[in-house]
Amino acid sequence: MENQTTVYTLVLAGLSDLSSLQLPLFLVFLLIYVMTLTGNLLILLLIFTDSHLHTPMYFFLGTLACLDMSYSSVTVPRMLFDLLRERRIISIPACITQIYFFTFFIASDISVLAVMSYDRYIAICHPLHYMQIINWNICVQLVSGVLLCSAIYSLVHTLFLTKLNFCLPNVLQSFFCDLPQLLEVSCSDTFINVLLIFLFGILIGVGILGVTFYPYITIISTVLKITSKHMRSKTFSTCSSHLTVVFVFYTTIFFNYFRSNANDHLVEDKVASVFFAILTPSLNPVIYSLRNQELKLSLRRALQRLQ
């Protein structure tokens, strides 16, 4: 009878039940969150203030920085708040809302990374026609299309989540509301929800993966034909930073979602969620600042102006 009791609130298990760890964890993740916001805001500031960076590539990079800050802000402030209290209770509407925005920003992030691959392909393989193909109208249309498709994708999942009932035990084994964990605590039939995840995963995932990685086959062969070592190095620096971000992002996604969610893997699942939801957005500014020569030059120019 207990399992059939409908509930309207959920309990987040959090990262740890040890009270002695709550304050250290709060300070660590507060520092990471501040670094995430600072790094991505610095990238946006450089792009806005440096005329050398007023190109489609850095328009997409600025969009990516906004999305990284946004999807980190969906989960981290709530987690920090929960670390300072004993009971981590969240209402089901609030949980579904968090899932909507988290899914929206993640889907947008993946799609923008695919658009950036296409941008690099045109810039390197068709440089003479670059500004005709990737003009500012196309840039705005691409980003608008990405945001619209991601909003629809998230809305479909959210609408089907509102049809579900939730029963005891109502504990989510995570520090934020995520789609797989929420389906696990539902006492309704989740076949449609799981089917949607797989269908969207196959259709969108294969398409976006293809657009992201296929252009690099042509890009690598084109770059290897460049005779100038300086130009080759400059081209590789822009591509390697993007590829590194793509590799980190997809690795954390696959490790977080495409593995067993058995009870004996709860610790590993929480670690994977931390990397995916918190650490990845903080790494992107570091990767671009270390690997991208133009951003490093822009940062030096900004520091010189301040001095």
Side-chain angles (χ1 to χ4, degrees), residues 27-73 76 105 108-109 112-113 115-128 130-140 142-143 216 219-220 222-224 226-249 278-307:
L27 295 174
V28 168
F29 288 113
L30 177 62
L31 177 62
I32 293 171
Y33 183 54
V34 170
M35 288 171 58
T36 301
L37 295 181
T38 305
N40 285 292
L41 283 172
L42 179 60
I43 287 178
L44 284 173
L45 182 65
L46 291 174
I47 292 170
F48 275 118
T49 57
D50 194 335
S51 60
H52 297 88
L53 303 182
H54 292 174
T55 63
M57 172 186 168
Y58 290 101
F59 172 75
F60 296 131
L61 179 57
T63 304
L64 188 69
C66 290
L67 292 171
D68 284 339
M69 286 191 294
S70 300
Y71 98 74
S72 180
S73 298
V76 180
F105 288 123
S108 300
D109 220 314
V112 168
L113 286 172
V115 170
M116 291 174 76
S117 289
Y118 176 69
D119 171 72
R120 289 299 81 208
Y121 165 74
I122 299 297
I124 294 168
C125 301
H126 303 282
L128 298 178
Y130 179 68
M131 290 311 298
Q132 284 79 25
I133 299 173
I134 309 292
N135 55 53
W136 288 111
N137 286 333
I138 294 296
C139 290
V140 173
L142 284 170
V143 171
Y216 274 98
I219 288 171
I220 292 170
T222 303
V223 170
L224 292 175
I226 298 174
T227 54
S228 170
K229 288 185 178 180
H230 173 71
M231 288 302 297
R232 193 188 307 164
S233 175
K234 184 180 178 181
T235 307
F236 265 127
S237 73
T238 59
C239 292
S240 63
S241 54
H242 175 255
L243 270 178
T244 305
V245 169
V246 168
F247 176 76
V248 170
F249 197 76
I278 300 174
L279 293 181
T280 301
S282 66
L283 290 176
N284 289 353
V286 177
I287 293 167
Y288 273 103
S289 61
L290 290 176
R291 303 289 298 176
N292 191 297
Q293 296 295 333
E294 289 183 348
L295 267 183
K296 285 195 281 188
L297 287 173
S298 176
L299 183 57
R300 284 183 198 140
R301 285 193 291 266
L303 293 173
Q304 286 170 359
R305 285 197 297 269
L306 288 173
Q307 290 174 354

dist Thr38:OG1 -> Leu31:CG (nearest 0.5 Å) comes out at 9.5 Å
Ser117 side chain reached by Ile219 side chain, heavy atoms, under 4.5 Å: no
Closest non-hydrogen contact found for Cys125 with Thr222 is SG-OG1, 3.5 Å
In this structure, CD1 of Ile220 is separated from SG of Cys239 (nearest 0.5 Å) by 8.5 Å
Say whether, by atom type as modelled, one donor and one acceptor occur between the side chain of Thr36 and the main chain of Ile32 under 3.5 angstrom.
yes
So CZ of Arg301 and OG1 of Thr49: to nearest 0.5 Å the spacing works out to 9.5 Å
Only residue of Leu45, Leu46, Ile43, Asp50 satisfying side-chain contact (heavy atoms from CB on, under 4.5 Å) with Leu299 is Leu46
For Pro285 and Pro281, the nearest pair of non-hydrogen atoms, with its separation, is CD-O, 3.3 Å
Value for OH (Tyr58) from SG (Cys139), rounded to nearest 0.5 Å, stands at 14.0 Å
Distance col, row Met57:CE vs Tyr130:OH, nearest 0.5 angstrom, shows 8.0 Å
Checking Ser282 side chain against Leu279 main chain: does a donor-acceptor pair fall under 3.5 Å? yes
Okay, side chain of His126, backbone of Tyr121: is any donor-acceptor separation there less than 3.5 Å? no
Residues Asp109 and Leu67: closest non-hydrogen pair is N-CD1, 3.8 Å
Rounding to 0.5 Å, atoms CZ (Phe59) and CD1 (Ile134) come to a distance of 11.5 Å
